[in-house]
Amino acid sequence: MGESHATDARLSKPLLEVEDLRVSFPSRNGPVEAVRGVSFTLGRERLGIVGESGSGKSQTGRAIMGLTPPHARITARRLAFAGTDLMQLSARERRSFRGERIAMILQDPKYSLNPVMTIGQQITETLRAHSNVTRAVARDRALDMLEAVQIRDPARIFGLYPHEVSGGMGQRAMIAMMLIADPELLIADEPTSALDVTVQLQVLAILDRLVSERGMGLIFISHDLRLVSSFCDRVLVMYRGRIVEEVAANRLNDATHPYTRGLINCLPKIGEDRHPLPVLDRRPEWAE
Amino acid sequence: MTDALAVNNLTIYFEDFAAVDDVSFNVSAGSSFGLVGESGSGKSTVLRAIVGLAPSSGGEILLDGKPLATPRSKAFYRHVQMVFQDPYGSLHPRQTVDRTLAEPLAIHGIGDGERRIARALDEVGLGKGFRFRYPHQLSGGQRQRVAIARALLLEPKVLLLDEPTSALDASVQAEVLNLLEQLRRERQLTYVLVSHDLAVVTHMCERLLVMQKGQAVEELSAQALAARQIGTAYTRDLMAASTGFKRE
Amino acid sequence: MTDMAQPQHWRAWLLSDRPASRRQARLGRAYAGWQRFTTNKLAMVGLAIVLGLVLVAAFANVIAPYSPVEGGDLRTERLLPPSAAHLFGTDDQARDIFSRVVYGSRITLFVVVLVAIIAAPIGLVVGTVAGYAGGYLDAILMRITDIFLAFPKLILALAFVAALGPGIENAVIAIAITSWPPYARIARAETLTIRSSEYISAVKLMGASPWRIVLRHIMPLCVSSLIIRVTLDMAGIILTAAGLGFLGLGAQPPLPEWGAMIASGRRFVLDQWWVAAAPGAAIFIVSLGFNLLGDGLRDTLDPKASDQ
């Protein structure tokens with residue numbers, strides 16, 4: 001009885017709490033707010049953040065990860081990961097969180113993998129940076145991890161440089177690198193947008209399995225509402241730096257906000273004959 | 001009746017690699033034809049070969065039943081125009097919209113530039129206010145409208161569209177697709193649309209050709225695709241992928 | 001009230017996101033560039049030095065108290081130290097060094113401007129044509145460029161001057177001939193990246209001729225990096241001209257060329273240091289000015305930065 005209660009408490013305690021997060025960039029005409037008061041909590045679940053370019057979805061992810069450019073200003077009433085206030089941490093403590101407890105996958109593996117290190121070196125490097133293991137153990141675990149992301153010949157890929165593998169393979173290597181330190185929260189910013197549609201689904205299936213097996217929290221950032229809603233449990237829709245609506249992913253058709261509805265409707269669908277396509281009529285009050 | 005555009009057994013080699021391997025299709029005048037495939041399928045290379053930006057190693061391309069001269073003549077470019085994928089890369093960064101639009105008129109010695117440019121901007125839904133802006137003062141969708149206006153200034157009959165909306169947000173994509181459909185209706189244009197997005201192609205085109213690794217996989221009508229009358233496994237895969245993620 | 005509003009109004013007009021005419025668009029772009037430039041304090045110092053050089057050269061006859069070529073009394077006015085009458089002292093011919101340095105700015109400006117006018121366009125044309133044409137033409141033009149680059153600049157200039165005969169005009173020609181190859185290299189490298197961009201493909205599809213593409217679409221994009229490079233090279237050009245003057249192969253006496261002045265001051269450098277120091281300082285300050293200006297221009301004109 002007491003034990004189950006304790007488990008409940010652990011499960012119900014949110015992994016991430018974000019309250020009134022704001023990110024602003026200085027410009028010639030005064031500061032420009034990219035994120036304007038975003039609040040949400042995340043458990044061990046799959047959360048999607050959807051928006052168009054300039055909606056602040058990527059800046060939200062970067063702010064949580066601590067990768068906001070230094071000239072930007074971040075404020076938040078609360079930004080806590082597993083009960084630790086991230087805003088109070090020093091740069092050094094923040095760095096130790098990064099990679100070990102929070103990891104991030106970026107859109108294009110071409111730009112996020114180091115071109116002069118082999119894939120194997122990069123994965124073992126990540127592991128050795130966060131835990132005290134010998135080179136041999138790190139190598140074994142890297143090979144296991146490459147196998148876990150369904151790379152058929154891990155030993156061969158281990159010794160290759162990023163430019164020698166395809167985009168899909170590079171993104172799998174990236175996932176392997178990010179998950180090897182067993183983070184509790186994974187932020188994926190457009191992880192499959194640079195990939196072909198058929199490869200995209202394979203990579204997502206791998207990500208999906210790993211996230212549920214390891215009980216991680218996932219924030220999936222994307223412009224693709226259809227993809228996000230088919231992958232996540234819950235979706236936040238962002239517009240101009242604010243969350244305009246939160247919907248359960250399987251009840252997307254019940255979305256009420258005109259922006260969300262507009263985003264769903266403006267996509268062409270196979271077998272539907274809508275000419276012209278409905279377009280978004282942007283209202284200034286959505287940004288209020 | 002001859003087709004507006006016919007591609008017969010087109011083959012394109014880059015060094016030893018066959019980027020396009022024995023691809024054929026016909027596009028009748030006033031219709032819209034789609035080329036679908038993933039990266040490396042050779043779909044964009046076909047378009048580039050038609051306009052002479054890529055060398056063809058074999059096969060023939062017929063425009064109104066007549067083979068094309070290499071290099072393409074000036075008259076050809078008044079007949080066929082192209083819109084590129086990346087609106088951020090297809091406008092000269094140091095030229096205003098006005099300069100960009102004046103260029104085709106100057107090259108072909110077409111007078112009455114003032115009125116034509118103003119009308120072209122009007123037609124693509126950009127008002128006078130955009131005429132003297134530089135590309136960095138425009139959004140992606142606005143840039144793509146400028147690129148479309150530029151292509152239409154020479155009053156072509158055939159417009160080749162290379163992933164015209166894949167770099168744009170979904171809502172902007174809808175606007176640009178609507179604009180392209182409206183222009184086709186008004187000017188009786190013939191379209192060849194290249195895209196990786198099956199939904200966009202079936203929305204825009206009556207017929208489409210699925211390509212994979214430089215080869216034609218299957219040609220079918222948009223209705224057949226919508227009714228799931230699909231002949232090959234690859235097309236079915238593409239179709240499944242376009243509906244989103246499914247958990248097993 | 002209106003006086004206060006007026007500058008604000010002009011600023012808004014210049015920085016407008018929707019210019020209403022070609023002129024406004026162009027001025028707006030120039031103004032935005034100027035704003036970026038003015039934030040760089042060192043670049044402003046460089047600009048001030050270069051403007052100062054131009055003004056001194058233009059008004060040399062007003063500024064200089066004495067003739068630059070005719071000296072005073074050789075018995076009483078030789079090698080005088082700096083004083084109120086002779087700010088920088090006098091040289092071995094009893095000439096006022098301040099006047100000579102002031103008039104020398106004309107020669108320096110003449111050399112610098114002429115070299116830039118001759119060398120930069122040669123480099124631009126060779127580089128863009130080679131880069132755009134490719135194939136044999138590219139190979140031939142770039143091998144010629146390589147041959148010029150294979151010799152140290154001063155040695156090659158020396159050889160040309162020796163062949164053409166000493167004199168300031170020949171020195172300018174020699175320096176120009178030896179300084180275009182790096183510009184050709186830069187222009188070619190830029191052309192290679194621009195050539196494959198979609199906006200060049202788009203112009204090709206308009207039916208534009210290769211000449212039109214190179215002249216109207218590629219060259220304007222290469223010009224800014226060339227201006228930066230030429231400005232940064234100005235210091236080197238001044239030094240080469242001074243070096244030729246020092247060796248007696250540039251400007252001939254009695255012309256007040258700074259390099260030649262240092263050469264003639266060399267003999268007294270231990271006892272009458274001011275004879276060589278004044279033209280030396282002038283060379284130093286002007287070279288520094290061009291370098292600072294070039295750095296500032298790089299930040300302002302960099303095509304990657306200015307498109308943001």
Side-chain angles (χ1 to χ4, degrees), chain A residues 46 48 50-55 166-168 192-205 207-209 211-212 220 222-233 239 249-250 252 259 261-282, chain B residues 36-41 88 125 139-141 165-182 184-185 195-205 208 212-213 222-230 233-248:
Chain A
R46 285 172 291 243
V50 180
E52 298 190 293
S53 48
S55 62
S166 69
T192 58
S193 302
L195 306 178
D196 279 327
V197 277
T198 49
V199 184
Q200 194 171 358
L201 292 190
Q202 294 165 11
V203 171
L204 282 182
L207 198 59
D208 183 54
R209 192 169 50 77
V211 165
S212 48
F220 187 105
S222 174
H223 68 283
D224 191 335
L225 185 57
R226 216 186 287 166
L227 187 69
V228 167
S229 63
S230 65
F231 187 78
C232 295
D233 308 318
Y239 179 71
N250 53 7
L252 197 63
Y259 179 67
R261 296 222 56 82
L263 274 189
I264 299 169
N265 288 333
C266 69
L267 287 169
K269 290 182 191 71
I270 296 172
E272 269 187 24
D273 208 16
R274 294 178 301 159
H275 299 272
L277 287 166
V279 295
L280 263 180
D281 179 20
R282 287 159 205 278
Chain B
V36 195
E38 302 186 290
S39 57
S41 64
Y88 295 89
S139 69
T165 60
S166 64
L168 305 176
D169 276 327
S171 61
V172 181
Q173 161 170 293
E175 290 167 16
V176 171
L177 292 181
N178 287 345
L179 170 68
L180 287 170
E181 281 202 306
Q182 179 202 336
R184 181 160 82 99
R185 240 189 348 262
S195 178
H196 68 280
D197 188 335
L198 262 186
V200 167
V201 170
T202 48
H203 178 79
M204 295 289 290
C205 305
L208 56 119
Q212 185 190 22
K213 291 180 184 153
Q223 281 126 346
L225 190 87
R228 305 288 194 275
Q229 289 158 358
I230 300 168
Y234 181 68
T235 312
R236 254 189 297 271
D237 281 353
L238 275 186
M239 185 81 179
S242 70
T243 56
F245 180 74
K246 276 192 198 65
R247 202 158 274 128
E248 272 123 48

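Throughout, a chain's letter reflects where its sequence line sits, starting with A, and its residues are numbered from 1.
When B/S171, B/A227, B/A170, B/A226 are compared by the number of non-hydrogen pairs under 4.5 Å with chain A, B/S171 comes out ahead. Note on A/D273, A/L227, A/L280, A/L201: by heavy-atom pairs under 4.5 Å with chain B, the leading option is A/L201.
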**Study point:** side chain to side chain contact (heavy atoms under 4.5 Å, CB included) between B/H203 and A/H275, intermediate numbers included
**Key:** CA-CA 8 Å; B/H203 178 79; A/H275 299 272; 3.6 Å; yes
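Proximity to chain A (any heavy atom under 4.5 Å) is shown, for B/S242, by both the backbone and the side chain. Both the backbone and the side chain of B/E175 come within less than 4.5 Å of a heavy atom in chain A. With a threshold of 4.5 angstrom between heavy atoms, A/R282 approaches chain B through side-chain atoms but not through N, CA, C or O. If you measure heavy-atom distances from B/M204 to chain A, you find no contacts under 4.5 Å at all.
The aromatic rings of A/Y239 and A/Y259 sit tilted relative to each other, their planes meeting at an angle between 30° and 60°.
The two residues A/I264 and A/L252 have their closest heavy-atom pair at CD1-O, 3.6 Å. A/A249 and A/S229 get closest at one heavy-atom pair: CB-O, 3.3 Å.
Rounding to the nearest 0.5 angstrom, the gap separating the CG atom in B/L225 from the CE atom in B/M239 is 4.5 Å.
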